[in-house]
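Let me begin by presenting the structure, written as C-alpha cells, before commenting on it.
No experiment lies behind these values; they were computed from the predicted model shown.
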Amino acid sequence: MARGRKSNQVKVITYRDKELLKQLSKTGLCNTAQAKEHCNLNLGRLQKLEKSGYIKMDEHIVRGEVNRIITLDKQGKEFCRQELGTQMYCIAQTNHLAHDLKLTEVYYRLTEDIKDTWKHENELIQDYYKENPEEKGQLRTFIDATVEINGELIAIESVGQSYTNSIIEMKQEIAASIGCSRMECV
C-alpha cells in the first residue's frame, strides 16, 4: 500500500511541544540547542512547529556564535492562552539575547513545580503598578523573574556585563519591595 506524503505541518501538539511553548511564554526565547537538550525536539520538529505558526526561528550572533533563536508565533501564543491559561507573555529583545538565553537555562534547571511559579519581568511590573499606581511609568529597571520555593519568594536576575554594584543594589531593593526574601544572580 502506498503512503501519502509526509506533512510539513503539526497535526497534534505533543507533551514536548507543550513544554517548549510554555517555556517560551515564560522566558521569551530559547535556542535550538536548548530545545533539543531540554525538550528533546529536533530541528525537523521545530521546522514543523514553525511552518504551523507556533514558533518563529531566526539566526542571530550571540557571544560570537551563530544561534537559531526560537520565539512564540501567533498560533503558539493562542495555544498558550487557551491550553495553559497564559495571559501575559515574556517579550524577548534581540539586543539582550545572551541575557535571555541565560534566564532560559535557569528556568530549565528548575523542577516542574517551581517552573509553575515562575513570573517574568512584564508580569512583575504589571503587579507592581497595580499595587503602586502612583509610580506608573517611574521604574527605570526591574528584576528579571521570581520563583516560589517552599513558600519563599526568590528574585532571579541575569547579571549583564554592564551591571554596576549600584544597579545590583537597586534591583535588590526592588526585590525586597515586592516581598522577595533574597535575590539569586546568575
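Phe142 is not listed as a side-chain neighbour of Asn122, based on a closest heavy-atom distance of 4.5 Å or more. Between Lys74 and Tyr54 there is no side-chain heavy-atom pair separated by less than 4.5 Å. Counting heavy atoms from C-beta on, the side chains of Leu46 and Ile70 come closer than 4.5 Å. Using a 4.5 Å cut-off on side-chain heavy atoms (C-beta onward), Ile55 and Leu21 make contact. Using a 4.5 Å cut-off on side-chain heavy atoms (C-beta onward), Glu121 and Cys90 make no contact. Contact check for Asp100 versus Thr27: no side-chain heavy atoms found under the 4.5 Å cut-off. Inter-residue side-chain proximity for Met183 and Ile154 is flagged as unmet; no heavy-atom pair is nearer than 4.5 Å. In this structure, His38 and Glu105 have side chains that are in contact, with non-hydrogen atoms separated by less than 4.5 Å.
Remark: Gln82 CD is packed, more than 12 non-hydrogen atoms of other residues, nucleotides or ligands lying under 6.0 Å away. Counting heavy-atom neighbours within 6.0 Å of Asn165 CG, excluding the residue itself, gives a total of 12 or less.
Hydrophobic clustering keeps Val147 apart from Met88 (ILVMFWY residues linked when any side-chain heavy atoms are closer than 4.5 Å, directly or through intermediates). Note on Ile167 and Val159: same hydrophobic cluster, where clusters join Ile, Leu, Val, Met, Phe, Trp and Tyr whose side-chain heavy atoms are under 4.5 Å apart, directly or indirectly. Cluster membership check: Leu72 does not share its hydrophobic cluster with Ile69, using side-chain heavy-atom separations under 4.5 Å among Ile, Leu, Val, Met, Phe, Trp and Tyr. A chain of hydrophobic side-chain contacts below 4.5 Å, direct or via other Ile, Leu, Val, Met, Phe, Trp or Tyr residues, connects Tyr108 to Ile149. A single hydrophobic cluster is not seen to contain both Val106 and Tyr163; linkage of ILVMFWY side chains at heavy-atom distances under 4.5 Å, directly or through other members, places them apart.
Residues Lys115 and Leu110 come closest through the heavy atom pair CE-O, 3.2 Å. For the residue pair Leu29 and Ala92, the shortest heavy atom distance occurs at CD2-CB, 3.3 Å. Minimum heavy-atom separation, Thr141 to Met170: CG2-SD, 3.5 Å. Residues Ile13 and Val10 come closest through the heavy atom pair CD1-CG1, 4.0 Å. Taking both residues in full, the closest heavy atoms of Met57 and Thr32 are given as SD-CG2, 4.1 Å, listed atom of the first, atom of the second, then distance. Nearest heavy-atom pair across Ile143 and Lys171 is CG2-O, 3.5 Å.
Remark: the Glu135 side chain and the Tyr128 side chain contain an N/O donor-acceptor pair separated by less than 3.5 Å.
Rounded to the nearest 0.5 angstrom, Leu41 CG and Leu20 CG are separated by 5.5 Å. Rounded to the nearest 0.5 angstrom, Lys102 NZ and Leu97 CG are separated by 13.0 Å. Annotation: the span from Leu24 atom CG to Cys30 atom SG amounts to 5.0 Å, rounded to 0.5 Å. To the nearest 0.5 angstrom, Lys11 atom NZ is 9.5 Å from Gln9 atom CD. Put simply, OG1 on Thr86 and NZ on Lys26 are 7.0 Å apart, with the number rounded to the nearest 0.5 Å. Atom NZ of Lys18 is separated from atom SG of Cys80 by 10.0 Å, given to the nearest 0.5 angstrom.
When Thr94, Asn95, Val66, Asn31 are each tested for a side chain to side chain contact (heavy atoms under 4.5 Å, CB included) with His60, only one passes: Thr94. Just one of Asp144, Val186, Ile174 meets the side chain to side chain contact (heavy atoms under 4.5 Å, CB included) condition when paired with Glu157; it is Asp144.
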Practice prompt. Check step by step if salt bridge (Lys or Arg N to Asp or Glu O under 4.0 Å) holds for Lys22 and Asp116.
Written response: CA-CA 10 Å; Lys22 178 180 172 183; Asp116 288 339; 2.6 Å; yes
Discussion item. Applying side chain to side chain contact (heavy atoms under 4.5 Å, CB included) to Leu43 and Arg68, what does each step give before you reach the verdict?
Written reply: CA-CA 10 Å; Leu43 188 57; Arg68 194 172 287 186; 3.2 Å; yes
Discussion item. Before you tell me yes or no, could you show the steps for Ser181 and Glu152 under side chain to side chain donor-acceptor pair (under 3.5 Å), namely the whole-Å CA-CA distance, both residues' side-chain angles and the distance that decides it to 0.1 Å?
Written reply: CA-CA 7 Å; Ser181 59; Glu152 179 184 14; 2.5 Å; yes
Worksheet item: Run the side chain to side chain contact (heavy atoms under 4.5 Å, CB included) check on Glu123 and Gln87 step by step: do they pass?
Response: CA-CA 9 Å; Glu123 291 174 298; Gln87 295 176 358; over 6 Å; no
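Judged by distance alone, the side chain of Thr117 and the main-chain N or O of Ile114 form a donor-acceptor pair under 3.5 Å. Side chain of Asp127 to backbone of Leu124: no donor-acceptor contact under 3.5 angstrom is found. Side-chain atoms of Asn42 come within 3.5 Å of backbone N or O of Gly44 as a donor-acceptor pair. Between the side chain of Glu65 and the main chain of Val62, no donor-acceptor pair closer than 3.5 Å is present.
Between Tyr107 and Trp118, the ring planes are perpendicular. Angles over 60° get that label, and only those under 30° would be called parallel.
With respect to Glu78 and Arg81, a salt bridge is recorded, a charged nitrogen being found less than 4.0 Å from a carboxylate O. A salt bridge does not link Glu19 with Arg16: none of the charged nitrogens is closer than 4.0 Å to a carboxylate oxygen. Ion pairing between Glu184 and Arg182 holds under the 4.0 Å rule for side-chain N and carboxylate O.
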